[in-house]
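Whatever order the structure lists ligands and atoms in, that order sets their numbers, starting from 1.
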Amino acid sequence: MVSEHAPQPAAQVLVASNRGPVSYAVREDGSLEAKRGGGGLVSGLSAVDDKMWVCAALGDGDREAVRRGVGEPGVRMLDIDAGTHADAYNGIANSVLWFVHHMLYQTPVEPVFDAEFRRQWASFEAYNRSFAEALAEEAGRGAAVLVQDYHLSLVPGMLRELRPDLRIGHFSHTPWAPVDYFRLLPDDIAEQLLRGILGADRAAFLTRRWADAFIGCCTEILGGTGRTRIGVHGLGADAAFLTRRAHEADVDERMAALREQVGPGRRTVVRVDRTELSKNIVRGLHAYRALLDEHPEWRERVVHVAFAYPSRQDLAVYRAYTAEVQRVADGINKTYGTADWTPVVLHVKDDFARSLAAYRLADVALVNPIRDGMNLVAKEVPVVSDEGCALVLSREAGAYEELGEHAITVNPYDVSATAEALHEALTMPDDVRAARSQRLAEAATALPPQQWFLDQLEALRRG
Ligand code: F6P
C-alpha cells in the first residue's frame, strides 16, 4: 500500500478507464478491504514496466481510500465529485452513449435531449477533463496513453491539447452505432464525441464492423478521420488462466451443487451475463419456453442454467429489467416445473467460481445479445467446457466475426428461430459437438489478452 501522493517516476505506459483494477469497501470495523479485478487490461498491463492506471473512484469505499491516501502502486484513483461522476457515468455514459451504440432506445418516446441533458453533458466534460489533467501530470515525455471506452471519449482531444508530445490511443469496448442511429445525438454533441476520439493518434475497435461504423460516422459528419489511424484488435479468451482457475477446488464444489440442481442425465443450456439490457436475457427465456412448447420431448430432459449478475442498479430501467428476468423465469418454472425438475435455474448473485462450473457443465451455451462489442462468454465457454459445447450465437455480437462459422447463429429478435437453434444445438451428435467446440476454442484464443494489449501498444508507438 502506498499513498497516492507518494512521488512516483513518470510513467511511460498509461491506461485510463472509468472502472479501475481495484475497488475498496469499508468494513464494519472501519478498515478498508481491497478487491482486485481481472480482465484483458489487467493481464495486458502486467507485461510492461513504468506504468500507471488512472481510474475513477466509484463508490464510498473508493473515495475513502483516496482520502486516506490508501492505494496500489501504479494506480491513481480520481476522487471526482460524486454528483459530477453520477451525471457523467449514469446520466451520459450509460444512459446515452451506451444506448446509442447498442441501439437500445424506444424511439417513439426517447431519447429527449433537453436542458437536463445539457447539464449532465457539462458534468461529462468536467469528468473527462479530470482524466485528461491527471494523465497529463503522470505521463513521462513521449509516453503512450491508452484511453478506454465511451466514458472517456473526450479525453484524447483534451489530452492532446495539454500534452502534444504523447502517443494517444483510444479503444472502444462497445459496438459503434451506424451513422443514422448515431445522428440521434444533437449535432454539436455528435461532432464533439467524434473530435474527442480523433484527438488520438489511433482509435481501435474489437471488430472490423465497429471500426467501419466509426469511419462511416466520421466521413458523414466531419468529412473523414483526419490523421487518426483506425485499428482492430479482437480480444480473445485467456486460455491459460481459465483452464487453471476452472479446476480449482471451489469450482469443483460448485459443479457438484449445480449437478444436484440440474438432476441426473439432463442436458444444460447455460448463459452467464451481467443483467444488461443489451444481453437479451428475457428473449432468451422466451426462446427456452418456446423450445419446451414446440419440442415437448425436452421437458424433464433439459435445464436452462441462467446466471444474470447485478449491473448498473442505480438506473431504474436496469432494475426493471432485472425484475422482468426473474418474473419470466418464475413463470416458466411455474408452468412447466415438476416435483423433481426445475426448468430454469436462475442465479442473480455474482460468483465467478460458479460461472466457471457452469461453463464446464454446459452442453449448449446461449449468447444472444441484441448487440455486443465482443462477448467474452461466447469465447470462454468452449475453452472451459469439459465435454465440448454447442454455441448458439447472436449475429450481432462482435464474437460472431470470429466464431460464427462454428456456431449456430441467430437473429437475436427472432425468438422462434432461437428456440429452433437451441433444439438443433441440443440434438447435435456428441462427436460433432466436441469437434465444433474444439474449433470454437481455437478461434476464441487466437489473440490472448497480453498479446492483445501489446499489439495495441506496439502499433501506437510505431506511429
Ligand atoms: O463493454 C463495456 C464495458 O465498459 C466493459 O468494459 C465492462 O465490462 C462493462 O461495460 C461493465 O460496465 P460497468 O463498468 O458499467 O459495470
Peer 1: Please classify the Asp149 to ligand 1 contact at 4.0 Å (heavy-atom distances, strictly less than): side chain, backbone, both or neither.
Peer 2: side chain
Peer 1: Does Arg274 have a heavy atom less than 4.0 Å from any atom of ligand 1?
Peer 2: yes
Peer 1: Taking the minimum heavy-atom distance to atom 13 (P) of ligand 1, which of Tyr89, Tyr318, Trp98 ranks first?
Peer 2: Tyr89
Peer 1: Distance below 4.0 Å between atom 6 (O) of ligand 1 and any protein heavy atom?
Peer 2: yes
Peer 1: Centroid separation under 6.0 Å, is that true for the rings of Phe205 and Trp210?
Peer 2: no
Peer 1: Carefully, step by step, assess Glu276 and Tyr321 under the rule side-chain hydrogen bond (donor to acceptor under 3.5 Å, both in side chains).
Peer 2: CA-CA 8 Å; Glu276 161 57 54; Tyr321 188 73; over 6 Å; no
Peer 1: Kindly indicate, with the supporting measurements, whether the criterion side-chain hydrogen bond (donor to acceptor under 3.5 Å, both in side chains) is fulfilled by Trp53 and Ser17.
Peer 2: CA-CA 8 Å; Trp53 192 320; Ser17 64; 2.9 Å; yes
Peer 1: Only one of Arg160, Arg227, Arg461 passes side chain to side chain donor-acceptor pair (under 3.5 Å) with Asp201; say which it is.
Peer 2: Arg160
Peer 1: Which option out of His173, Met374, Arg312 puts a heavy atom nearest to atom 10 (O) of ligand 1?
Peer 2: Arg312
Peer 1: Under 6.0 Å between ring centres, would you say that holds for Trp176 and Phe182?
Peer 2: yes
Peer 1: Have Asn18 and Tyr127 got a donor and an acceptor in their side chains that come within less than 3.5 Å?
Peer 2: yes
Peer 1: Looking at atom 2 (C) of ligand 1, would you say a protein heavy atom lies below 4.0 Å from it?
Peer 2: yes
Peer 1: Is any N or O atom of Arg19, backbone or side chain, closer than 3.5 Å to an N or O atom of ligand 1?
Peer 2: yes
